[in-house]
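The structure appears right after this line, and notes come after that.
Not measured: the values here are computed from a predicted model. For reference, positions follow the sequence shown, starting with 1. Just follow the structure's listing: the first ligand is 1, and inside any ligand the first atom is 1.
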Amino acid sequence: MARQFTESKIVIASHNAGKVSEIADLLEPLGVSVISAGEAGLPEPEETGKTFIENAELKAKAAASVSGLPALADDSGLSVSALGGAPGIYSARWAGENKDFESAMKRVADALLMSGQYDKTAHFHCALSLCWPDGALETFEGVLAGELIWPAKGDRGFGYDPMFVPNGYTQSFGEMDPNKKHAMSHRSIAFQKLLSTCFQK
Ligand code: IMP
């Protein structure tokens with residue numbers, strides 16, 4: 001049986017305000033109070049892992065051991081089939097220090113063109129890790145498959161959303177109602193697994 005979450009407080013091991021509020025919304029109905037890594041004064045660990053899971057786990061472990069509270073961390077990104085899975089765990093880093101996703105999307109589109117392949121398939125990937133201060137760890141993954149479009153469309157969402165159309169839809173995540181995106185996203189798939197495994201009590 002997986003470790004059950006019975007505490008009333010959790011740290012979200014992220015310095016990204018958007019991610020913290022998205023996760024806080026998901027946890028609110030469970031009566032769990034949330035503090036962010038920033039509020040807990042936690043440093044941002046270097047993402048030295050080679051996979052989404054390794055990065056999510058190292059962030060969750062670092063936050064739990066420094067704060068003394070259970071900590072939840074996610075690591076996510078876009079993996080493009082014709083680029084051997086790039087940008088993958090480097091998705092945020094492709095946008096540079098200025099977090100310029102216009103140029104990150106252009107870099108993906110250019111790399112796809114240079115690859116000479118017609119395969120536009122890609123997926124968003126999310127690894128979500130919950131770590132307790134005693135070191136117990138539970139990790140879940142969510143994957144959402146789709147196709148890339150260029151030029152990108154829409155100004156909703158964030159990151160690579162405007163160039164990603166999920167399978168079975170015609171709108172990009174940049175055009176779609178955010179609630180519709182949140183109901184199907186890689187993050188929500190991983191989160192539902194976390195809830196059904198660690199929040200059964
Ligand atoms: P992380 O904060 O290191 O996990 O970086 C995740 C990066 O992956 C983000 O900065 C985005 O570039 C990309 N990403 C992850 N999830 C999404 C999404 O739902 N839409 C668009 N881009 C995403």
To the nearest 0.5 Å, how far apart are CG in Leu128 and CD1 in Ile53? 11.0 Å
Could you tell me how the ring of Phe124 sits relative to the ring of Phe173: parallel (under 30°), tilted (30 to 60°) or perpendicular (over 60°)? parallel
What is the ring orientation for His125 with Phe52, classed by angle as parallel under 30°, tilted 30 to 60°, or perpendicular over 60°? parallel
Please give the N or O to N or O pairs under 3.5 Å between ligand 1 and the protein, distances rounded to 0.1 Å.
| from | atom 1 | to | atom 2 | distance (Å) |
| --- | --- | --- | --- | --- |
| ligand 1 | 2 (O) | Lys19 | NZ | 2.8 |
| ligand 1 | 3 (O) | Glu47 | OE1 | 3.4 |
| ligand 1 | 3 (O) | Asp75 | OD1 | 3.3 |
| ligand 1 | 4 (O) | Lys19 | NZ | 3.1 |
| ligand 1 | 4 (O) | Asp75 | OD1 | 3.3 |
| ligand 1 | 4 (O) | Ser76 | N | 3.0 |
| ligand 1 | 8 (O) | Ser76 | O | 3.3 |
| ligand 1 | 16 (N) | His186 | NE2 | 3.1 |
| ligand 1 | 16 (N) | Arg187 | NH2 | 3.3 |
| ligand 1 | 19 (O) | Lys181 | NZ | 2.7 |
| ligand 1 | 19 (O) | His186 | NE2 | 3.4 |
| ligand 1 | 19 (O) | Arg187 | NH2 | 3.1 |
| ligand 1 | 20 (N) | Asp161 | OD1 | 2.6 |
| ligand 1 | 20 (N) | Lys181 | NZ | 3.4 |
| ligand 1 | 22 (N) | Tyr160 | N | 3.2 |

Applying side-chain contact (heavy atoms from CB on, under 4.5 Å), can you list everything that pairs with Pro45, at least two apart in sequence or on another chain? Leu58, Lys59, Ala62
Testing the basics here: between Pro133 and Pro70, what is the closest heavy-atom pair and its distance to 0.1 Å? CD-N, 3.8 Å
Is it true that a side-chain atom of His15 and a backbone atom of Leu42 form a donor plus acceptor pair closer than 3.5 Å? yes
